Each structure stands twice: as structure tokens, then as C-alpha cells.
Protein chains: 2
Amino acid sequence: MTPSSASVAHASNNDFYADNEKLYVATDCIVFGFDEGDLKLLIFKRRVEPDSGIWSLIGSFVQLDEDVNDAARRVLKEITGLDEIFLEQSKTYGKADRDPGYRCLSVAHYALIRIDDYDKELVESHGAYWYTLKDLPKLALDHDQMVADALSKLRRKARQQPIGFELLPEKFTIPQLQQLYEAIYQRELDPRNFRKKVLSLKVLVKLEEKDKSGSKRGAFLYRFDAEKYQELLESGYNFEI
Amino acid sequence: MTPSSASVAHASNNDFYADNEKLYVATDCIVFGFDEGDLKLLIFKRRVEPDSGIWSLIGSFVQLDEDVNDAARRVLKEITGLDEIFLEQSKTYGKADRDPGYRCLSVAHYALIRIDDYDKELVESHGAYWYTLKDLPKLALDHDQMVADALSKLRRKARQQPIGFELLPEKFTIPQLQQLYEAIYQRELDPRNFRKKVLSLKVLVKLEEKDKSGSKRGAFLYRFDAEKYQELLESGYNFEI
DNA sequence: CAAAAAAACGTATTTTGTACGTTTAAAGGT
DNA sequence: ACCTTTAAACGTACAAAATACGTTTTTTTG
């Protein structure tokens with residue numbers, strides 16, 4: 001019954017939890033999407049008591065036989081219908097009083113999804129909606145902090161690798177890519193320098209098609225070269241837009 | 001009895017743990033120090049059965065009424081006698097099978113300590129020792145991975161802020177500072193460019209004393225200017241040595 | 001007192017980032 | 001048909017930063 005592994009049974013003070021005590025572990029997902037030039041977040045509103053009407057991140061308990069990151073993937077699949085998306089651990093929130101009434105810690109994960117891929121009906125059936133970051137309502141518990149932390153991780157991540165591709169549709173224009181980075185960094189970028197920089201990475205493949213939704217003239221569509229992108233990652237290059 | 005908060009009781013699949021099931025939460029600390037030109041790690045060897053002789057990181061269970069990061073601080077205080085040291089969450093390890101026999105997840109933290117500050121007797125009384133990173137023995141469970149991850153976090157952190165100061169004694173020479181960065185990055189740096197760069201930050205205060213332990217000529221000692229260091233952090237400057 | 005070694009200072013070159021001008025393609029009004 | 005407008009696409013000049021490497025200084029030791 002008593003754990004025996006070296007990982008925990010070593011410090012002098014290794015109390016185990018009493019039989020009637022329990023510590024819950026949950027995971028919450030900060031789901032980012034990009035649409036109409038804005039970074040969006042998938043949040044959901046409880047429709048039944050208790051806490052009906054309160055907005056929060058999507059999440060779930062970690063089951064006893066389940067890896068923590070699998071729990072996050074399960075939540076994402078349940079709500080968006082999507083599999084195999086970018087998902088990374090953000091941070092663990094472990095304040096003893098973070099959830100009133102009982103002890104529960106949450107391992108937050110952030111996900112990036114292509115906003116045109118997800119299962120719209122499934123999302124709505126769960127009471128989940130996309131919110132622009134700026135218009136975000138107050139969220140439950142420490143979820144506001146989770147969002148702030150995930151956003152700052154996303155920003156750092158975006159500097160290290162061309163993460164934008166996870167958030168854009170397969171074909172995209174350079175101005176669209178720029179809009180995404182502007183949304184992530186929350187500042188304007190020079191379109192001429194942005195184009196120069198992004199093309200210098202040699203990970204974009206120019207297509208023959210144009211996208212005319214953004215301007216009269218239209219802009220050429222690009223897709224990214226998965227192979228060269230991989231090389232770039234492995235070289236340890238810093239994207240630094 | 002059943003948790004009612006919005007944070008967890010929302011997904012369709014919110015199983016709670018059965019009465020006889022329990023999920024343990026521990027914290028493990030990756031404690032870095034710097035001595036004799038090398039990065040060192042504080043690890044400890046169990047001296048009683050079971051698992052006697054196995055090396056592992058220092059750690060402990062998180063108590064039911066205790067913040068997770070407080071648990072890490074408690075462990076550090078217990079083993080090193082040190083308070084108020086640099087401590088940051090690294091990553092949470094949550095594979096269902098990471099610890100054989102029972103379900104336990106671990107929230108890893110990494111700490112940076114001035115190796116001449118710690119309580120030597122206390123450390124030894126706990127069976128803990130400093131090991132150079134390269135000579136590290138095989139550690140228990142997934143602790144090798146924890147060390148690798150923490151090291152990579154330390155590297156990234158070192159690029160963002162002059163973290164070296166946490167690891168050096170109050171007075172140090174520029175060549176010592178360089179040695180530290182060489183140990184962190186695992187590559188050689190040009191001493192002339194290193195000096196130029198580090199002095200350009202204007203956070204070092206030159207003292208009148210010299211340290212003669214490293215060379216015949218001796219090198220001037222410096223301390224860092226806490227105020228200017230703080231300004232530098234707040235300006236969002238990237239250290240980038 | 002010369003040789004050795006590392007500290008301390010300096011300069012040249014290359015690379016990268018930043019600022020901003022010009023040309024081009026297509027749409028829409030007159 | 002042609003002029004205007006708009007954003008895309010391309011290009012150039014300058015500033016800042018990183019890198020490479022030469023020189024001088026200080027001290028110890030043979």
C-alpha cells in the first residue's frame with residue numbers, strides 16, 4: 001500500500017495522504033486559433049448548476065490510468081473533434097487554495113489549431129465558443145492567469161520556431177502570416193521586412209494561385225515545406241521575427 | 001464530497017476517482033550549483049531498503065494543504081538549509097506508468113544555488129552529494145529526463161536574463177562568469193568578446209580587490225548591481241551571450 | 001631579467017536588423 | 001478607355017550587433 005519507489009520515499013518528511021484525504025489532478029487546455037486577423041481562444045460556458053453561466057477553459061480530471069498529456073488530448077478531441085494537433089504542456093497550477101472546497105491541481109496545456117479544421121457542431125454542442133483575446137470575459141478560478149502564462153509561452157515559442165504554421169490553413173498568403181505574428185506579438189511589423197525575413201528562411205513554397213479576399217490585387221498563396229521546416233528546427237535556428 | 005467547481009466539472013467525461021483509488025503528487029528538485037569551473041547537480045543516494053543504493057533527485061510528496069511550489073521550497077530547505085533561493089517550476093511528469101506500483105505524478109522544479117552557501121553537514125546527513133553533470137550516474141525512474149529538461153530550461157533562461165549571478169558567489173571575476181556560461185552552454189566563448197558584452201550591460205561593479213586563484217596575474221573581482229540588474233530585467237532585455 | 005600565461009583593451013569585418021523608396025497588379029469610378 | 005486607389009512585391013541605404021582576431025599589461029616563475 002505504501003509507495004516504495006525511490007522517487008518519493010526519500011525526504012525525511014514523506015507524509016502520505018491519510019485514507020480519507022484525496023488530491024485531485026485535472027488538466028485545462030488553452031486552445032488558440034487564428035481567424036479574421038485575430039488570435040482567438042476557445043472557452044466554454046457552463047449551462048447547468050452549479051456554476052451555471054461561468055466561463056472557463058476546457059478541461060477534465062486526469063484518470064487514474066491515463067497519462068496527463070493524454071488527458072489533455074482526450075479533452076481536445078472531445079470538444080473539437082480534432083486529433084494530432086499541436087499540444088504542449090504549459091505550467092502546473094498547484095496552490096492549495098486555488099479551487100475552493102477541495103484540493104485540486106491542474107496541469108495546463110496549450111494547443112494551436114487551424115480554426116477552419118475543427119468540428120463546429122461538436123464545439124457548440126459543448127457550449128464552447130471562440131473569443132478574441134481582447135474581448136475575453138473573466139474566467140473561473142485561476143484561468144485568467146493560465147491564459148496569460150500560455151500566451152507568454154506562445155510568444156516565446158513563436159520566436160524559436162515558425163509556429164505560425166500550426167495556426168494557419170494549409171495555403172496562406174504572406175500578409176496573412178504577418179497578421180498572425182502581429183496578433184501574437186501585439187505589435188505592428190513592417191510588411192517589407194517581414195516578407196524579406198520570412199522568405200530568407202526558405203521554408204515557404206510559392207503556389208500559382210492567388211488569394212483575392214484580402215485585397216484587389218490579391219496575394220500569392222504559399223504552403224510550407226515540411227522537410228525544410230524540419231531541418232530548420234533541428235538546426236536550432238532562432239526564428240526571431 | 002463531489003467537486004463542484006467550474007474548473008473540472010464540465011467535460012462530459014469527468015470521472016472522479018473511486019473511493020479506493022488515489023493519485024499521489026510529488027515534487028522533485030533539480031538543484032544546480034557551480035564549482036571549480038563545472039556545473040554540478042545535487043543528487044542523493046538512498047541508504048535504506050527498499051531501493052537502497054539508487055541515486056535520485058531530492059523530492060517529496062506534496063502535502064494536502066501545501067502549495068506545490070512550497071513543497072519544493074520545503075525540500076530544498078530540508079536538504080540544503082537554504083531559504084530564498086532561485087526556484088522555478090520546470091515541468092510536470094505525468095505518465096501513468098512512470099512509477100511502478102502506484103500512480104504518482106511529479107512536478108519538477110529547478111533551483112540555482114551558490115555552492116559555497118549551502119549547509120554542508122546537513123546535505124551530507126541526508127546522503128546527498130554534488131555531481132558534475134558529465135559524470136552523473138543513472139538516476140531512478142524518469143529523473144534522467146528531468147535533468148535533461150531542466151538543463152535545457154536553464155539554457156534558455158540564461159539567454160533571457162543574467163542568471164549566472166544566482167550561481168556565483170557575491171564577488172566573482174569576469175573569467176569565472178565566462179566559465180559558468182561555458183558550462184551552461186557547453187561551448188567555448190571568446191574571452192575578449194565575452195568581456196565586452198558583459199561589461200556593456202552595465203550591471204557589474206568593479207571592486208578594488210583581485211582574485212589570484214585562477215592565474216598569476218589575478219583578475220579583478222566584481223559584484224553585480226542589484227538595482228541595474230532589476231532595471232535590465234524589467235526592460236525585457238535579452239542577455240544573449 | 002627573460003619567458004610564460006592570462007587578463008584587459010582595442011580594431012576590423014561580417015552579419016543582421018531597421019527604415020523607407022519604388023514598381024507592379026488589379027479593381028472601381030468617371 | 002483611362003485615371004485613381006490600394007496593397008503586394010521588390011529593392012536599397014543605413015545602423016546595430018555579433019564575430020574574429022591583434023596588442024598591451026600585469027604578474028609569477030625559472
Side-chain angles (χ1 to χ4, degrees), chain A residues 36-37 155 158-162 164 168 171-185 187-223 232 235-241, chain B residues 36-37 155 158-162 164 168 171-185 187-223 232 235-241:
Chain A
E36 293 165 14
R155 290 203 177 113
R159 259 178 240 282
Q160 284 181 344
Q161 49 182 270
L168 287 170
K171 299 172 182 178
F172 53 87
T173 68
I174 291 183
Q176 275 165 10
L177 185 60
Q178 180 180 342
Q179 274 196 315
L180 171 57
Y181 274 87
E182 289 182 334
I184 291 177
Y185 294 143
R187 70 181 177 93
E188 298 205 339
L189 302 169
D190 182 288
R192 294 154 295 188
N193 293 336
F194 182 85
R195 175 183 300 272
K196 200 198 309 177
K197 174 76 186 179
V198 89
L199 287 176
S200 78
L201 297 174
K202 310 249 182 230
V203 291
L204 293 188
V205 180
K206 188 175 184 174
L207 305 175
E208 288 308 307
E209 306 167 68
K210 274 194 172 183
D211 174 279
K212 302 225 175 188
S213 63
S215 69
K216 297 168 190 170
R217 180 178 171 180
F220 278 104
L221 286 163
Y222 287 78
R223 62 175 179 79
L232 198 69
S235 75
Y237 179 78
N238 263 30
F239 197 44
E240 282 294 359
I241 279 189
Chain B
E36 293 164 13
R155 289 202 179 114
R159 261 178 240 283
Q160 285 181 344
Q161 47 182 270
L168 288 169
K171 300 172 181 179
F172 53 87
T173 68
I174 290 182
Q176 276 165 10
L177 185 60
Q178 180 180 342
Q179 274 196 315
L180 170 58
Y181 274 88
E182 288 181 335
I184 291 177
Y185 293 143
R187 70 184 177 91
E188 298 203 339
L189 302 170
D190 182 287
R192 296 156 293 191
N193 292 337
F194 182 85
R195 175 183 300 272
K196 200 197 310 176
K197 173 77 187 177
V198 89
L199 287 177
S200 78
L201 296 175
K202 310 253 183 227
V203 291
L204 294 187
V205 180
K206 189 176 184 174
L207 305 175
E208 288 308 307
E209 306 167 69
K210 273 193 173 185
D211 174 280
K212 302 224 174 187
S213 63
S215 70
K216 298 168 191 172
R217 180 178 172 182
F220 278 103
L221 287 162
Y222 288 78
R223 63 173 178 79
L232 198 69
S235 76
Y237 179 77
N238 263 30
F239 198 43
E240 282 292 359
I241 277 189

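Since we're looking at a predicted model, the values are computed, not measured. First the proteins, then the strands, lettered A, B, ... as listed; each starts at 1.
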Practice problem: Figure out the CZ/C1' separation between Arg159(A) and dG17(C), and round it to whole Å. | Solution: 14 Å

Practice problem: Whole angstrom is fine here: how far is it from CD1 in Ile174(B) over to P in dT26(D)? | Solution: 16 Å

Quiz item: Once you round it to whole Å, what is the distance between C1' of dA9(D) and CG of Leu189(A)?
Solution: 17 Å

Practice problem: Send over the distance from Arg195(A) CZ to dT12(D) P, rounded to a whole Å. | Solution: 16 Å

Quiz item: How close or far is atom P of dA8(C) from atom CG of Leu177(B), stated in whole angstroms?
Solution: 12 Å

Quiz prompt | Closest contact, heavy atoms only, Ala158(B) versus Ile184(B) | solution = CB-CG2, 4.2 Å

Exercise. Nearest 0.5 Å please: distance from the CG atom of Leu168(B) over to the OH atom of Tyr222(B).
Key: 14.0 Å

Self-check item: Check: Gln178(B) side chain, Arg195(B) main-chain N or O, donor-acceptor pair, under 3.5 Å
Solution: no

Self-check item: Atom pair distance, as rounded to whole Å: OH in Tyr185(A) and P in dG17(C)
Solution: 12 Å

Practice problem: Report the distance from atom CG of Leu199(A) to atom P of dA9(D), rounded to the nearest whole Å. | Solution: 9 Å

Exercise. May I ask you to list the residues of residues 208-216 of chain A, by number, that have any heavy atom positioned under 4.0 Å from an atom of DNA chain D?
Key: Ser215(A), Lys216(A)

Practice problem: Please report the closest heavy-atom contact between Phe194(A) and Ile174(A), naming both atoms and the distance. | Solution: CE2-O, 3.8 Å

Exercise. Flag yes if more than 12 heavy atoms outside Lys197(A) fall under 6.0 Å of its NZ atom; otherwise flag no.
Key: yes

Quiz item: More than 12 foreign heavy atoms under 6.0 Å from NZ of Lys202(A): is that the case here?
Solution: no

Pairs under 3.5 Å (N/O, protein and nucleotides 19-23 of chain C):
{"residue": "dA19(C)", "atom": "N7", "partner": "Asn193(A)", "partner atom": "OD1", "Å": "3.4"}
{"residue": "dA19(C)", "atom": "N7", "partner": "Asn193(A)", "partner atom": "ND2", "Å": "2.9"}
{"residue": "dA19(C)", "atom": "N6", "partner": "Asn193(A)", "partner atom": "OD1", "Å": "3.2"}
{"residue": "dA19(C)", "atom": "N6", "partner": "Lys196(A)", "partner atom": "NZ", "Å": "3.4"}
{"residue": "dC20(C)", "atom": "N4", "partner": "Arg192(A)", "partner atom": "NE", "Å": "3.3"}
{"residue": "dG21(C)", "atom": "N7", "partner": "Arg192(A)", "partner atom": "NH1", "Å": "2.6"}
{"residue": "dG21(C)", "atom": "O6", "partner": "Arg192(A)", "partner atom": "NE", "Å": "3.3"}
{"residue": "dG21(C)", "atom": "O6", "partner": "Arg192(A)", "partner atom": "NH1", "Å": "3.0"}

Exercise. Remember a base hit wins even if backbone is also touched, and classify Pro191(B) as base, sugar-phosphate or nothing at under 4.0 Å, heavy atoms.
Key: nothing

Practice problem: Please round to the nearest 0.5 Å and tell me the distance separating atom CZ of Phe220(B) and atom CD of Glu209(B). | Solution: 10.5 Å

Self-check item: For atom CG of Leu221(A) and atom C1' of dA8(D), their distance in whole Å
Solution: 13 Å

Quiz item: Roughly how far apart are Lys206(A) NZ and Arg223(A) CZ, rounded to 0.5 Å?
Solution: 14.5 Å

Quiz item: What are the two closest heavy atoms between Gly214(B) and Asp211(B), and how far apart are they?
Solution: N-OD1, 3.7 Å

